[in-house]
Amino acid sequence: MDTLVGTRTPPISVPTALRKLYLLRFAFAAAWAALLFATADTLGALTATLLVIYPLFDVACAVVDIRSARANGQPVRALYANVALSALTGIGLAVAATSGIPAVLRVWGAWAITAGIVQLVVGAVRRQLGGQWAMIASGGISTLAGASFIAQAGKDGASLTSLAGYAFLGGVFFLVSALRLRDQRGR
């Protein structure tokens with residue numbers, strides 16, 4: 001085996017890194033949604049933990065995305081905003097879980113609205129990579145869903161099951177985007 005001393009492996013291409021990240025996000029969202037759906041009837045310790053884990057996973061994914069984007073000269077400002085929003089949401093959900101389902105829906109709704117706007121911006125900036133129409137659509141749907149979560153919080157019988165559906169649909173959009181990304185040769 002030949003190795004060259006002092007050579008550096010070139011950074012992984014943005015589409016390749018995003019494809020892997022988006023596939024991971026789909027798998028996580030699907031598993032998370034199934035677990036939340038199974039526990040959404042009550043706001044116990046397991047459900048509260050699931051609620052906090054989701055935005056923290058989003059933080060981790062955004063950090064990976066930032067590293068890849070920065071290594072390839074892509075803009076990262078909106079991704080930093082996503083890190084801050086998701087970290088604050090994790091904290092907010094931990095506090096809201098002590099107050100009940102309506103409080104959780106309000107915090108999740110505010111996050112869905114703001115994160116949806118960020119996702120719209122990131123998708124628009126990356127549209128030349130292909131597959132970003134799914135991210136743009138997901139951002140728009142997230143914004144609308146967030147408003148519906150806030151509205152649902154004010155009604156009797158508010159439930160967390162809609163969050164499971166929201167997460168799963170978001171995961172499907174990540175899957176579609178992963179499958180539609182183009183590499184540097186346009187494939």
Side-chain angles (χ1 to χ4, degrees), residues 14 18-19 21-30 32-33 36-37 40 50-66 68-69 74-97 101-155 158-181:
V14 172
L18 283 179
R19 185 174 294 112
L21 182 62
Y22 288 177
L23 290 171
L24 174 65
R25 291 188 75 145
F26 164 72
F28 177 82
W32 183 91
L36 184 67
F37 189 76
L50 285 170
L51 291 168
V52 172
I53 286 173
Y54 196 91
L56 296 181
F57 180 78
D58 194 58
V59 168
C61 289
V63 168
V64 169
D65 200 348
I66 288 168
S68 170
Q74 299 288 314
V76 296
R77 184 173 291 153
L79 295 171
Y80 280 117
N82 188 50
V83 167
L85 287 169
S86 294
L88 288 172
T89 299
I91 295 165
L93 286 169
V95 172
I101 291 174
V104 167
L105 288 171
R106 286 183 189 99
V107 171
W108 194 283
W111 178 48
I113 291 168
T114 55
I117 292 168
V118 170
Q119 193 172 19
L120 279 164
V121 170
V122 171
V125 169
R126 290 179 170 170
R127 68 188 174 281
Q128 80 281 0
L129 298 175
Q132 296 305 297
W133 64 266
M135 292 294 93
I136 293 167
S138 179
I141 291 169
S142 181
T143 302
L144 295 173
S148 75
F149 298 144
I150 292 170
Q152 182 186 358
K155 296 181 180 177
S159 169
L160 298 174
T161 56
S162 58
L163 301 183
Y166 165 81
F168 183 74
L169 181 60
V172 169
F173 278 111
F174 276 113
L175 177 62
V176 169
S177 193
L179 298 174
R180 301 290 302 164
L181 282 167

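Residue numbers count from 1 along this sequence. The analysis underlying the following values was restricted to heavy atoms, covering all of them including side chains, and did not include hydrogens, waters or symmetry mates.
For Ala167 against Ala33, the heavy-atom pair with the smallest separation is CB-CB, 4.5 Å. In terms of heavy atoms, Val83 sits closest to Ala62 at CG2-CB, 3.5 Å. In plain terms, the two heavy atoms of Ser86 and Val59 that are nearest each other are CB-CG2, 3.5 Å.
If you take CZ on Phe174 and CZ on Phe26, they are separated by 12.0 Å, rounding to the nearest 0.5 Å. Ile101 contributes atom CD1, which lies 9.5 Å from atom CG of Leu163 (distance to the nearest 0.5 angstrom). Between the CG atom in Leu51 and the CG atom in Leu56 there is a gap of 11.0 Å [rounded to 0.5 Å]. Expressed to the nearest 0.5 Å, how far CG of Asp58 lies from CG of Asp65 amounts to 10.0 Å. A distance of 9.5 Å separates SG in Cys61 from CG in Asn82, rounded to the nearest 0.5 Å. Here the straight-line distance linking atom OH of Tyr22 with atom CG of Leu179 works out to 12.5 Å at 0.5 Å rounding.
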Ile150/Leu105 under side-chain contact (heavy atoms from CB on, under 4.5 Å): CA gap, chis, key distance, verdict
CA-CA 6 Å; Ile150 292 170; Leu105 288 171; over 6 Å; no
Determine, stepwise, if the pair Ser68 / Leu18 fulfils side-chain contact (heavy atoms from CB on, under 4.5 Å).
CA-CA 8 Å; Ser68 170; Leu18 283 179; 5.8 Å; no
Run the numbers on Phe28 and Ile53 for side-chain contact (heavy atoms from CB on, under 4.5 Å), then give the verdict.
CA-CA 11 Å; Phe28 177 82; Ile53 286 173; 3.8 Å; yes
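Within a 6.0 Å radius of CZ in Phe57, more than 12 heavy atoms belonging to other residues, nucleotides or ligands are found.
Defined by atom type and a distance below 3.5 Å, a donor-acceptor pair is present between the side-chain atoms of Ser162 and Gln152.
A donor-acceptor contact shorter than 3.5 Å links the side chain of Thr143 to the backbone of Gly139. Panel note: side chain Thr89, backbone Leu85; a donor-acceptor pair is recorded below 3.5 Å. A distance-only check finds a donor-acceptor pair linking the side chain of Ser142 to the backbone of Ala112 [under 3.5 Å]. The main-chain N or O of Ala110 is found under 3.5 Å from a side-chain atom of Thr114 such that the two form a donor-acceptor pair.
Using the six-membered ring where Trp is involved, Trp32 and Tyr54 have ring planes that are tilted, between 30° and 60° apart.
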